[in-house]
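Have a look at the structure below, then the notes.
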Amino acid sequence: QWDIIDYDFSGYERQDFTADRTFCAARAVIGVALACIMLVCGVGNLIFIATLARYKKLRNLTNLLIANLAISDFLVAVVCCPFEMDYYVVKQLSWLHGHTLCASVNYLRTVSLYVSTNALLAIAVDRYLAIVHPLKPRIKYQTACVLICVVWVISLLVAIPSAYFTTETIIPYIEGQHKIFCGQIWPADQQMSYKSYFLFILILQFVGPVVTMCLCYAQISRELWFKSVPGFQTDQIRKRLRCRRKTVLLLVGILTVYIICWAPYYGFAVVRDFYPTLVLKEKHYLTVFYMVECIAMTNSVINTVFFVMVKNNTMKYFKKIMLMRWKSTYAVSKSTQDQDVKTTAVPMSEEVDCIQLK
């Protein structure tokens with residue numbers, strides 16, 4: 001994603017910075033990152049979405065919120081990343097797919113980022129209410145669905161400028177040769193509008209959510225580690241406490257990784273947009289930007305690994321589904337040979353292990 005007020009392309013008429021070794025190294029790293037996103041987020045989130053769609057009992061509030069992460073990351077992995085692989089790695093910053101796809105890819109990736117951030121925030125608030133205020137009634141299923149819709153609507157609306165200001169620009173760098181830039185370019189006469197919008201996004205989609213999540217997990221940690229539990233503690237209560245502590249540690253780790261991945265991106269954008277003389281004239285400015293963006297994008301891989309594959313045991317659950325299908329197919333095949341043989345396969349309508357954050 002590019003958030004640029006104005007851009008001086010005159011230097012590109014003399015040299016192609018994509019031909020130097022620094023950019024070649026960065027391109028290799030970006031290629032590996034995009035391949036990992038397509039593989040991990042594409043396959044992992046598809047499995048999670050499929051299991052959630054198949055079994056209604058799995059659709060508790062936390063899993064529905066995680067599903068927002070899964071859907072947004074899955075869309076980016078299968079729709080955006082192939083085009084970005086072609087743009088960044090294959091064509092070396094030359095877009096050949098037209099303005100509509102250029103705007104659509106930028107828009108979808110921006111929406112995915114906002115949905116992921118809002119979903120992480122909603123998960124933190126849900127854990128806060130469940131642990132710090134356990135006596136208060138939990139959010140109802142209908143309310144949760146409305147909340148999820150609000151998350152998507154807000155993300156879709158806030159990201160509209162990323163599509164509106166996305167354009168294609170021809171960059172000449174050698175006589176008779178050029179590259180086609182694809183990204184956001186805000187007109188110079190709208191500099192104040194852009195800066196206001198950027199600060200709005202910075203507060204709404206990074207600073208605000210991070211501060212809120214930190215406060216929620218600080219209160220949760222105080223409740224679980226530093227507050228004594230009255231009465232006699234049975235083995236079941238101690239086991240539940242250990243489980244909650246592990247869950248909170250996992251969520252805190254995910255929040256920490258989120259900050260590590262996205263803080264450089266937003267920090268670089270602040271310097272670029274408010275102190276442009278510090279970076280715009282640097283030879284490897286764009287290469288550094290791509291590396292920072294690459295770090296930010298890998299956050300979706302971390303979310304998929306921890307939320308989908310580790311905590312929720314989705315792969316274990318998926319193996320059980322495959323095993324049941326194999327048993328069912330084997331039983332049907334065997335019954336055609338001997339009608340008297342009874343199948344031992346588990347019916348597909350039977351509910352198995354529930355995937356949830358306890």
Side-chain angles (χ1 to χ4, degrees), residues 1-2 27-54 58-59 63-120 148-149 151-153 155-156 158-160 162-163 166 182-184 254 257-258 261-262 265 290 293-310 312 314-315 317-319 321-322 355:
Q1 177 185 335
W2 292 64
R27 186 179 63 164
V29 175
I30 293 171
V32 172
L34 289 174
C36 290
I37 292 173
M38 287 188 285
L39 179 62
V40 177
C41 295
V43 177
N45 289 314
L46 178 62
I47 292 174
F48 181 76
I49 295 169
T51 55
L52 225 61
R54 178 62 182 85
L58 306 183
R59 300 171 198 169
N63 277 343
L64 289 177
L65 294 175
I66 294 175
N68 282 272
L69 283 170
I71 292 173
S72 63
D73 290 342
F74 175 76
L75 289 175
V76 169
V78 300
V79 178
C80 298
C81 285
F83 289 105
E84 291 177 343
M85 179 72 80
D86 179 73
Y87 179 60
Y88 289 123
V89 181
V90 179
K91 300 298 192 302
Q92 300 184 46
L93 304 184
S94 188
W95 184 265
L96 304 178
H97 305 288
H99 175 266
T100 301
L101 275 175
C102 174
S104 300
V105 169
N106 275 272
Y107 180 67
L108 181 58
R109 190 172 60 171
T110 305
V111 170
S112 173
L113 167 61
Y114 298 161
V115 169
S116 299
T117 302
N118 294 332
L120 289 174
I148 291 171
C149 291
V151 166
W152 277 92
V153 169
S155 301
L156 290 168
V158 172
I160 287 177
S162 69
T166 294
C182 168
Q184 291 186 54
I254 290 173
V257 171
Y258 173 82
C261 288
W262 284 103
Y265 176 84
Y290 292 137
E293 187 181 46
C294 176
I295 294 172
M297 291 172 63
T298 54
N299 182 242
S300 59
V301 177
I302 305 298
N303 288 338
T304 301
V305 170
F306 280 97
F307 271 130
V308 176
M309 298 181 179
V310 176
N312 279 325
T314 304
M315 297 306 297
Y317 183 79
F318 183 71
K319 288 178 182 178
I321 294 179
M322 293 296 100
I355 302 176

Sidechain-backbone polar pair: Ser112 side chain, Leu108 backbone, donor-acceptor under 3.5 Å: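 Side chain of Ser112 to backbone of Leu108: no pair is present.
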With a 3.5 Å distance limit and no angle check, can you tell me whether His99 reaches the backbone of Cys182 through a side-chain donor-acceptor pair? no
Can you spot which of Leu113, Ile37, Val257 makes a side-chain contact (heavy atoms from CB on, under 4.5 Å) with Asn299? Val257
Show the nearest heavy-atom pair for residues [X] and [Y], with the distance to one decimal.
X: Gln184; Y: Ser162; result: NE2-CB, 3.4 Å
X: Thr304; Y: Cys41; result: OG1-SG, 3.5 Å
X: Ser104; Y: Thr100; result: OG-O, 2.7 Å

Indicate the ring-plane relationship of Phe83 and Trp95, choosing parallel, tilted or perpendicular according to the 30° and 60° boundaries.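 Ring orientation of Phe83 relative to Trp95: tilted.
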Can you tell me how far the [atom1] atom of [X] sits from the [atom2] atom of [Y], to the nearest 0.5 Å?
X: Ile160; Y: Ser155; atom1: CD1; atom2: OG; answer: 11.5 Å
X: Ile66; Y: Leu120; atom1: CD1; atom2: CG; answer: 9.5 Å
X: Leu101; Y: Asn106; atom1: CG; atom2: CG; answer: 11.0 Å

Check whether any side-chain heavy atom of [X] lies under 4.5 Å from a side-chain heavy atom of [Y], and answer yes or no.
X: Met297; Y: Leu34; answer: yes
X: Tyr290; Y: Leu93; answer: yes
X: Asn303; Y: Tyr258; answer: no
X: Ile295; Y: Tyr265; answer: no
X: Val105; Y: Tyr87; answer: no

Going by atom type alone, with no hydrogens or angles, which donor-acceptor pairs under 3.5 Å involve a side-chain atom of residues 70-81 and a protein atom two or more places apart or on another chain?
unit_1 : atom_1 : unit_2 : atom_2 : d
Ser72  : OG     : Asn68  : O      : 3.0
Ser72  : OG     : Leu69  : O      : 3.0
Ser72  : OG     : Ser116 : OG     : 3.3

Restricting to pairs with a member in residues 85-99, which pass salt bridge (charged side-chain N to carboxylate O under 4.0 Å, His left out), not counting sequence neighbours?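 Qualifying pairs, neighbours excluded: Asp86-Lys91.
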